[in-house]
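The structure presented is a predicted model; accordingly, all values stated were derived computationally and were not measured. So you know, we letter chains A, B, ... as the sequences are listed, proteins then strands, and number each from 1.
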Amino acid sequence: MLRAGVRPDDRTFPFALTAAAAAAGDDARKETHGYIIRNYLYSDVFVANSLVDMYAKSGCWNKGSDIFYRMDNWNVVSWNAMIANFAQNGAELEAIRLVKEMQNCGEFPNSVTYTNVLPACARIASLVKGKEIHARSIRVCSNCDVFVSNALIDMYVKCGRFDLAQNVFNVSERDQVSYNTLIVGYSENPLCSEALDLFLDMRSVGIEYDVVSIVGALSACGNLSALKQGKEIHCLSMRKLFDTHLFVANSLIDLYTKCGRIALGKKIFDRISNKDVASWNAMILGYGMQGELEAAINLFDLMKDEGLEYDHVSYIAVLSACSHAGLVERGKRYFDQMLAQNIRPTQMHYACMVDLLGRAGLMTEAAELVRSMPFEADSNVWGALLGACRIHGNIELAQLAAEHLFKLKPGHCGYYILLSNMYAEVGRWNEADKVRALMKSRKVKKNPGCSWVQIGNKLRAFLVGEGSQGSELELCYDELVKGERMSSAYLSWPQT
DNA sequence: TGTGGTTTCC
């Protein structure tokens, strides 16, 4: 247009800026912005809004912010773009605050406002703020907007309130995203079966599954060790050529390694031409999970040779492998390497390190690491320490760890039992009884041992002490064998 | 002839 000598006007730029926002690299953004500055088109609210949006999407929230605060007048779109700018770039509280501020400035939030701010509540898991937004959206009927109800479902899921997420889902208009949001939300234990039910439901009400639904369903199967259903979903994904999608392929590695089919997972890993960090992480975690620790650590080292940067998950994978293999010095080296790479350790990293040191009997060092953490240790960290105390018979430290665990996870039976058994082993019966009494007073039930098999689309569980399960077990076995024969018949690669 | 929106891998 410029080459043809046609002068763009303020109507041109919203289109150009939208395109620049989606373009790779910063060149198009800088050039377009520069032209606008040189030609005094800055004061047009449409143009300025598009600029804020462009910078929000490119991750420069201060650039978007500069433009916003220099604008002469704002409309509701300006506020919404600015809320998105904060919400998508790590300034969640600012985004939430801006909804109040826009009202102070006399602007009314609309459905887009709520759609933009709800993911901010979700990311910081602020149920209070999320509920407040929910209530406001009801007052102006925004909750009837499918974008808003989907964002609400996601917010409740991310705050751990599956009951409220399900409520919103039940009373709202539902589309593909509604199903996907709930499937992905449920695909973590212990709601994986619900996730798979929803995956079947969506198809029966005529809503097509897409890559996101497949990823959620595969992840649910992995967590359930539901190999047969996982294979079926693998087949469904092949039918739509989704299986070459990177996220799907990575989920397939996760599925097969979690189900113990390491070779199958490796086959998928090898076939991915554009492997990303998550592909490598999934494979390293898979080897580690199945006890192939040398393979896990070798793959970790190989990843670097391939020119890929480690992320925090890579380190969780390799540290847990070192811990299980008893490679203390090597684990410490990797931990230091992670710090040098400016990756801030999370609870899980500390839990791995405490486990590493503790298993090796370096109890003082493990306790010192917990003490030196820059934030309060969570139940994974204290649990790792308690586990190590159990192995090495360190009752004093076990008491300390258990004290924290009883506060952090008061309903978790395992910790009470572990400590009580430790007392009993050394004949400190009074203290063992005290722990049991504490457990009883808190109405903590001991979970019975449980084992299960999958038959068709159902899981059948067997509990310790259930009695007369002999015939039922045989029945399950027959069905299981039949099911295996069927699933191997339609797979295109050899079974491992 | 113009601006803003929800869900995904480890």
Arg11(A) has its side chain closest, among dT1(B), dG5(B), dT3(B), to dT1(B)
Just compare dG5(B), dC10(B), dG2(B) and give me whichever is closest to any side-chain atom of Ser219(A). dC10(B)
Side chain of Asp311(A) only, please: which of dC10(B), dC9(B), dG5(B) is the nearest? dC10(B)
Looking at residues at least two apart in the chain, or sitting in another chain, which of them share a side chain to side chain donor-acceptor pair (under 3.5 Å) with Asp301(A)? Arg330(A), Tyr334(A)
Counting heavy atoms from C-beta on, name the nucleotide in dT3(B), dT6(B), dT7(B) closest to the side chain of Thr18(A). dT3(B)
Do Lys304(A)'s NZ or CZ and the ring of Tyr310(A) fall within the cation-pi criteria of under 6.0 Å and 45°? no
At 4.0 Å (heavy atoms only), tell me whether Thr181(A) reaches a base, stays on the sugar-phosphate, or touches nothing. sugar-phosphate
Look at the side chain of Ala278(A) and decide which nucleotide, out of dG5(B), dC10(B), dT3(B), has an atom nearest to it. dC10(B)
Among the nucleotides dG2(B), dT6(B), dC10(B), which one has an atom lying closest to any side-chain atom of Phe15(A)? dG2(B)
Nucleotide dC10(B), atom P - distance to CZ of Phe269(A) in whole Å: 15 Å
Geometric class of the Phe68(A)/Trp74(A) ring pair [parallel <30°, tilted 30-60°, perpendicular >60°]: parallel
Between Tyr350(A) and Phe375(A), does the ring centroid distance fall short of 6.0 Å? yes
Nearest whole Å is fine: how far is dT3(B) C1' from Glu107(A) CD? 14 Å
Closest to the Asp145(A) side chain, choosing from dT8(B), dG2(B), dG5(B): dG5(B)
Per atom distances to the Lys57(A) side chain, the nearest of dC10(B), dG5(B), dT7(B) is dG5(B)
Taking OH from Tyr209(A) and P from dT8(B), how many angstroms apart are they, rounded to a whole number? 20 Å
How is Val77(A) classified with respect to the nucleic acid when contacts are heavy atoms under 4.0 Å: base, sugar-phosphate, or nothing? base
Would a line drawn from the ring center of Phe335(A) to the ring center of Tyr315(A) be shorter than 6.0 Å? no
Find the distance between CD (Glu92(A)) and CD (Glu94(A)) and round it off to the nearest 0.5 Å. 10.5 Å
Picking from dT6(B), dC9(B), dG2(B), the nucleotide nearest the side-chain atoms of Ser251(A) would be dC9(B)
If you look at every strand shown and take non-hydrogen atoms under 4.0 Å, does Asn110(A) touch a base, only sugar-phosphate, or nothing? base
I need the OH-P distance between Tyr114(A) and dG5(B), as an integer number of Å. 18 Å
note: Leu152(A), atom CG; dT7(B), atom P; distance rounded to Å ~ 12 Å
dT6(B) P sits how many Å from Asn150(A) CG, rounded? 10 Å
How close or far is atom C1' of dT7(B) from atom CE of Met155(A), stated in whole angstroms? 15 Å
Over all strands shown, is Val248(A) touching base, sugar-phosphate only, or nothing at heavy-atom distances under 4.0 angstrom? nothing
Are the ring of Phe247(A) and the base ring of dC9(B) both nearer than 5.5 Å at their centres and tilted by less than 30°? yes
dT6(B) OP1/OP2 closer than 4.0 Å to side-chain N/O of Lys158(A): no
How would you label the contact of Ser111(A) with the nucleic acid (heavy atoms, under 4.0 Å): base, sugar-phosphate, or nothing? base
Closest to the Asn281(A) side chain: dG2(B), dT7(B), dC10(B)? dC10(B)
Length of the line joining Asn223(A):CG and dC10(B):C1', which is rounded to integer Å: 12 Å
